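Shown next, in structure tokens, is the structure this report addresses.
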Amino acid sequence: MADTTVYRAGTTAPVNIAVVKYWGKRDAKLNLPTNSSISVTLSQADLRTLTTASCSTAFAEDSLTLNGEPSDISGARTQACFRELRARRAALEAANSSLPKLSAMPLKIVSENNFPTAAGLASSAAGFAALVQAIANLYALPDSPADLSLVARQGSGSACRSLFGGYVAWRMGKKADGSDSKADLVAEASHWPSMRALILVASAAKKGVSSTSGMQQTVATSGLFKERIERIVPDNMVAMEEAIHNRDFEKFAEVSMRDSNSFHACCADTYPPIFYMNDVSRAAIRAVESINTKAGKTVAAYTFDAGPNCVVYYLEENKDAVLGAFSETLGSTSGWKAGVGSSAGVLDE
Ligand code: 2P0
């Protein structure tokens, strides 16, 4: 009788928010960036994707269910992840004939976010990181998080950073095949445990210009962007790593805010221009500036991705000054508070 066993494994993966931003691809097919980036991984207690991967000869075809809805898997990025992971499993099976041939079975992936996908909170980063880690667990791959980051990167660039917790760098690499464009750990979350993130939802609407197409337009048309990738980001990478190593919040904050401003300036310099921030976003910037002025030092840092929502980094010891000010000025804006957390957690194997 045919073996119709269902093999299953699950995992969770966290959201990450960049403090030196990825914006621009030098190779769109392999998802190779024009610059390196650094992010902070948020606590999974607050924001995470939970994914279960199973495979069986009883399944008709590969499938993905996202927040209860069937999702298209025919896209080149999802296909690249499936193909890479199957090839790694097939190599194990070739070396050990007693292993079940999971690589030949259809995959069923079920994925859920514990936050609204529509809120524009880097869901593709947690989503692809969880998908890759769940299948790697199912296939019992020996690959390290850095090895798996090469696969997750092909799903979504920022996903490669969600395979690690804490403070994470994605090194752009130099090779044309992308084999050196992967993530590594700058510091564990425990290195700087008082770091917190406040997420202010300025709009839960889906963003107007997707990151993938927005960054392509910036690369093609912005003159400012050249300055960003040649000078600004390399300097910010060095300064940010130093700030993290030294737990220097003032430096961390200044580089975060300057890098976010530089990224959004390049968006405005794109032709036609791209605007991700709105009036609520700009009010959040002014609120952060007034908190810092009142404190007499930098205790809060804003950063914005490809949408209007604001992430404010602060240290636990300054929470009253930061959270108090936001509830006064932006009383009606919804948000989350998050700690800095660990990376993909294995649920079962
Ligand atoms: C980042 N963003 O570093 C930057 C900051 C948005 C602004 O990574 O095309 O969804 O899937 O590789 O990863 C958003 O880009 O783009 C992003 P793809 P992705 O977090």
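What you see is a predicted model, and the numbers here were worked out from it, not measured in a lab.
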In the single-linkage hydrophobic clustering (I, L, V, M, F, W, Y; side-chain heavy atoms under 4.5 Å), do Tyr276 and Phe225 co-cluster?
no

In short, Leu131 meets Leu64 closest at the heavy-atom pair CD1-CD1, 4.5 Å

Is the closest basic N to carboxylate O distance between Lys297 and Glu250 below 4.0 Å?
no

Close side-chain approach of Asn236 and Lys21, heavy atoms under 4.5 Å:
no

Can we say Arg171 and Asp180 salt-bridge, meaning some charged N sits less than 4.0 Å from an Asp/Glu carboxylate O?
no

Electrostatic pair Arg86-Asp62, nearest N-O below 4.0 angstrom
yes

Following the transitive rule for hydrophobic clusters with a side-chain heavy-atom cut-off under 4.5 Å over Ile, Leu, Val, Met, Phe, Trp and Tyr, establish whether Ile135 and Leu92 coincide in one cluster.
yes

Contact check, side chains of Thr52 and Arg8, non-hydrogen atoms, under 4.5 Å:
yes

Do the non-hydrogen side-chain atoms of Trp170 and Ser36 ever get within less than 4.5 Å of each other?
no

Please check if any side-chain donor atom of Arg161 sits under 3.5 Å from a side-chain acceptor atom of Ser37, or the reverse.
yes

Contact check, side chains of His264 and Phe275, non-hydrogen atoms, under 4.5 Å
no

Short side-chain donor-acceptor distance under 3.5 Å, Asn16 and Thr41
no

Just wondering, more than 12 heavy atoms not from Asp279 lying within 6.0 Å of its CG?
no

Does this structure show an ion pair linking Asp147 with Arg88, if we count only N-O contacts that are shorter than 4.0 Å?
no

All side-chain hydrogen bond (donor to acceptor under 3.5 Å, both in side chains) counterparts of Ser71, not counting sequence neighbours
none

Is a side-chain donor or acceptor of Asp305 paired with a backbone partner of Gly307 at a separation under 3.5 angstrom?
no

Do the side chains of Ile73 and Phe82 get nearer than 4.5 Å, heavy atoms only?
yes

Can you check whether Ala146's main-chain N or O pairs, donor with acceptor, with Ser149's side chain at less than 3.5 Å?
yes

Does Arg196 come within less than 4.0 Å of Glu316, counting only side-chain N to carboxylate O?
yes

Side-chain donor-acceptor contact under 3.5 Å, Thr218 with Thr270
yes

Using a 6.0 Å cut-off, check whether atom NZ of Lys319 has over 12 heavy atoms from anything other than its own residue.
no

Closest heavy-atom pair and its distance - Ala301, Phe249:
N-CZ, 4.3 Å

One should read off an interatomic distance between Leu50 CG and Gln44 CD, to the nearest 0.5 angstrom, of 9.5 Å

Could you check whether Glu242 and Asn246, counting side-chain N and O atoms only, form a donor-acceptor pair closer than 3.5 Å?
no

Evaluate the side-chain proximity of Tyr314 to Val299: yes if any heavy-atom separation is below 4.5 Å, no if none is.
no

Over 12 foreign heavy atoms within 6.0 Å of CD, Gln217:
yes

Apart from Leu224 itself, members of its ILVMFWY cluster (side-chain separation under 4.5 Å) are none

If Ile, Leu, Val, Met, Phe, Trp and Tyr residues are connected whenever their side-chain heavy atoms lie under 4.5 Å apart, and connections chain through other members, are Trp192 and Val255 in the same group?
yes

Co-membership, hydrophobic cluster, residues Met237 and Val186, 4.5 Å side-chain
yes

More than 12 heavy atoms of other residues, nucleotides or ligands under 6.0 Å from NZ of Lys29: is that the case?
no

Consider only side-chain heavy atoms of I, L, V, M, F, W and Y, link residues closer than 4.5 Å, and tell whether Leu30 and Trp23 are in one cluster.
no

Can any side-chain N or O of Arg26 pair as donor or acceptor with the backbone N or O of Met172 at less than 3.5 Å?
yes

Just wondering, more than 12 heavy atoms not from Arg258 lying within 6.0 Å of its CZ?
no

Lys174 side chain to Ser181 side chain, donor-acceptor N/O pair below 3.5 angstrom
no

Would you tell me whether Asn31 and Arg153 have side-chain atoms, one donor and one acceptor, within less than 3.5 Å of each other?
no

Is the positively charged end of Lys108 above the ring of Phe59, judged by distance under 6.0 angstrom from the centroid and angle within 45° of the axis?
yes

Side chain proximity check, Pro100 to Tyr7, heavy atoms < 4.5 angstrom
yes

